4 protein chains.
Amino acid sequence: MEVAPARRSRGPSPERTARTRAAILAAALDEFLDGGFAATRMADVAARAGLAKGTLYLHFADKEALFEGVLRGLVEAPLAGLAAAAPAEGEAVRDFLLRVLRPVLRDMEASRRGAVIRLVVAEGGRFPAIAAMYRRIVIAPGLAAIGALAARAAAAGELRGEALLRHPPLLVAPVVLAVLWNGLFAAGDPMDAEAMFEAQLDLLFPVRGSHPAET
Amino acid sequence: MEVAPARRSRGPSPERTARTRAAILAAALDEFLDGGFAATRMADVAARAGLAKGTLYLHFADKEALFEGVLRGLVEAPLAGLAAAAPAEGEAVRDFLLRVLRPVLRDMEASRRGAVIRLVVAEGGRFPAIAAMYRRIVIAPGLAAIGALAARAAAAGELRGEALLRHPPLLVAPVVLAVLWNGLFAAGDPMDAEAMFEAQLDLLFPVRGSHPAET
Amino acid sequence: MEVAPARRSRGPSPERTARTRAAILAAALDEFLDGGFAATRMADVAARAGLAKGTLYLHFADKEALFEGVLRGLVEAPLAGLAAAAPAEGEAVRDFLLRVLRPVLRDMEASRRGAVIRLVVAEGGRFPAIAAMYRRIVIAPGLAAIGALAARAAAAGELRGEALLRHPPLLVAPVVLAVLWNGLFAAGDPMDAEAMFEAQLDLLFPVRGSHPAET
Amino acid sequence: MEVAPARRSRGPSPERTARTRAAILAAALDEFLDGGFAATRMADVAARAGLAKGTLYLHFADKEALFEGVLRGLVEAPLAGLAAAAPAEGEAVRDFLLRVLRPVLRDMEASRRGAVIRLVVAEGGRFPAIAAMYRRIVIAPGLAAIGALAARAAAAGELRGEALLRHPPLLVAPVVLAVLWNGLFAAGDPMDAEAMFEAQLDLLFPVRGSHPAET
DNA sequence: TATGAATGAGGTTTCATTCAT
DNA sequence: CATGAATGAAACCTCATTCAT
């Protein structure tokens, strides 16, 4: 073992560093999602992470950078997975979308990604950096992927009309609405993001087997 | 009546008081709509109302009370017309929706309805009262109306599938998404709420004449 | 009396405001001149003025603006006096300068203007705004005035060569040096700004009576 | 001697230590010269020296100690040549000064002498030691030399009046002013130290050949 | 010796709210 | 009723210094 302690033995351990960074991100995630961006104080994040304020700034340049770290930690890996995924041989785009996105929608709240959407929508206006960040990291790749899939579906004749080609956001609009709804009206009847997504999918992609009369 | 009372009315004048209160509310509405609750400073509201800061506190106990006052004011005007409207004899639901909602969408920003939506979404989390109020006054009637129209359209065979019957919010999801987008990414490319609405309408209501092959 | 209480009777008194402002300036002057710009904390100024920190910002936008206020308070009035002054009928420029500037030099330290020069020189590098401010308020008008007087003296044949015409700062260079010296080597032998100024004056302006052989 | 010891010398090596110390001092000199004491961050010194922050503290107890070390280093090099120089046989003092000082003025900034002067002026107030040291090492010998030259010039009838005899600093006042100016107003119009020095020289030493009318 | 992550006191600025006039 | 100067609690971020490795 000990492949390459290299020129690296002196000084503090890089492993500890990674652990600290993770602790900060975990604490920040909790704080941001419960209270929002503005209301979260760096001091609270530090306290929750069991660190001093200054330590935060050793790992993240400022509050926005910290939020970006949280955002990346939460969505980058999954998003990369999605982006890498592609319809299997002979798989219809509709089926692919269902297969891939259903799990994502299902744990929208459990994974706290829904909360992130709500935070961005709620505070993006006052903190444009946050909106820009979310757009760059999540929205842009997402819409690009949708656009590519729409083109593929269109080529295969799987698409109804040109709606999705012209307006890729149509695919996710119902999901966003449902997520916001569930945040605003936490009590009472939640909106079923998954069901709405499937309904929208049925509108965008005619279901071959069951509705043979349609294009 | 009572001609402007000599410019120096001693003692309280209920009329004058009401006018001051209205001025404060108008100013506060403007300020809250662009910037939200936290970003709005009492000093700005006072300045816009042409009053001193202290005067605000004579009429509203604190910032939250002022916000509440604004919300109440927001309740009186809206909707009205829309709820009463109904398809004309023989008018297709799709045509009716286009006829009625297109103007609404077109001046979404000019009429500040877009800003109101954004305010509700942004502050609804911290002020559940505003979310509940908006739901009661705007959303519930709106969804009820959509539901009724969906039923009527279904009965007339104008509907594609059961999407809208089961999920009335689908009709407005793209509009909401566009409005939020335009709030978050004010600069750069705005999203065309009207175009997205029409695209969604085409999905929900097959266009008989032009696409005869579809159901 | 009571010429015009006008529309002005309500609310806090403007007289009190002026007194507060003056108190802030007095406190700030003391603090700035003893400790410099960077080392002076707004909290200390407030405390010395017997006010809360926030009050400072009611009268001065920030620390730099406060310093500018101090600077203006200290030099603007005297400077305006100097600028307004002009050689009397038939008075030689040399005599005018002696008459006008000798008192200024004499109370350079008592008036604390020497300390201001030292502060600007010492911290102007780190706070360019301060240097720019001093240049705008003191140096530029000063050099302009010197330039004008030099031109006048040259026209009257009172000048030796073109040194002062080409390099107006030459007139004050010895004074600045003396002021800095006296700041750095407070103990020990002070440099006599007045004597050096007069010597420089003799160099720049040939003394008609006593040295008839010179131009 | 002792070829670079295998890159991994165990135990302390006095030579290595000295080299590290020198590197720190060199880096600190650079940093202090541009920015002064307060603006210089230990982290920057460490980075420039290619060391870790902690290493600085192994060699210097704190920032002040480091500053003191730099000052001591500043003492060794300078002057040297100038003090030894003397007018050649039959050379006028004015010509001697021009010959000797012109090059010094010309590379005032390149040689960082200007920066040293500014450092002394800027920090001398807070660190009397540096002012005293500079006075002892640079100013006192300098003024002594000027005094001697003035006496010699006076004896030879090369001097205008007694200005320089009584106030040796007059010779350098314009240069100091120019150097400070160029530090404060780095941007914009620099002041030409050399030109001002020559102008002052012309005032102090009548130019025999070209202005025969003057004494 | 050298490292660099961690510390935490400290400073400027903002702004909702109060209250004497 | 109206005024607006005064308040003071936060909040973000910096950086000299320490110390386990």
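What you see is a predicted model, and the numbers here were worked out from it, not measured in a lab. A note on names: the letters A, B, ... follow the listed sequences, proteins ahead of strands, and every chain is numbered from 1.
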**Message:** Which residues pass the side-chain hydrogen bond (donor to acceptor under 3.5 Å, both in side chains) test with C:Arg21, not counting sequence neighbours?
**Reply:**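 By the side-chain hydrogen bond (donor to acceptor under 3.5 Å, both in side chains) rule, C:Arg21 matches no residue at all.
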**Request:** Would you please name every residue forming a side-chain hydrogen bond (donor to acceptor under 3.5 Å, both in side chains) with B:Arg126, sequence neighbours left out?
**Result:**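 Result, side-chain hydrogen bond (donor to acceptor under 3.5 Å, both in side chains) vs B:Arg126: none returned.
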**Nucleic acid contacts - residues 123-134 of chain C versus DNA chain E, non-hydrogen atoms under 4.0 Å** =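 Correct list: empty, so none.
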Of all residues at least two apart in sequence or in a different chain, which pass the side-chain contact (heavy atoms from CB on, under 4.5 Å) check with [X]?
X	result
B:Ala131	A:Leu184, A:Phe185
A:Ala65	A:Phe60, A:Ala61, A:Asp62
B:Ala27	B:Val45, B:Arg48, B:Ala49
C:Asp44	C:Glu31, C:Arg41

**Request:** Please list all pairs passing the ring-ring contact (aromatic ring centres under 6.0 Å, His included) test where one or both residues lie in residues 40-59 of chain A, with sequence neighbours left out.
**Result:**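 Of all non-adjacent pairs touching residues 40-59 of chain A, none passes ring-ring contact (aromatic ring centres under 6.0 Å, His included).
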**Prompt:** Is the shortest distance from a Lys or Arg side-chain nitrogen in D:Glu68 or D:Lys63 to a carboxylate oxygen in the other one below 4.0 Å?
**Reply:**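 Salt bridge flag = no for D:Lys63 with D:Glu68.
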**Message:** Show me the dot-bracket string of DNA chain F, counting Watson-Crick or G-U pairs under 3.5 Å, with | for pairs to another strand and [ ] for crossing ones.
**Reply:** .||||||||||||||||||||
**Message:** I need the residues from residues 28-51 of chain C with at least one non-hydrogen atom less than 4.0 Å from DNA chain F; give them sorted by number, or say none.
**Reply:**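 Heavy-atom cutoff 4.0 Å gives C:Leu51.
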**Item:** Residues within residues 57-68 of chain B bordering DNA chain F, heavy-atom distance below 4.0 Å
**Value:**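 Per residue number, the list reads B:Leu58, B:His59.
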**Asked** Would you say F:dT7 has OP1 or OP2 under 4.0 Å from some side-chain N or O of C:Thr55?
**Response**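 Yes, because at least one side-chain N or O of C:Thr55 sits under 4.0 Å from OP1 or OP2 of F:dT7.
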**Below 4.0 Å: OP1/OP2 of F:dA2 and any side-chain N or O of B:Thr20** =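 Checking F:dA2 against B:Thr20, a side-chain N or O does come within under 4.0 Å of OP1 or OP2.
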**A:Phe127: ring-ring contact (aromatic ring centres under 6.0 Å, His included) partners, not counting sequence neighbours** =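 By the ring-ring contact (aromatic ring centres under 6.0 Å, His included) rule, A:Phe127 matches A:Phe37.
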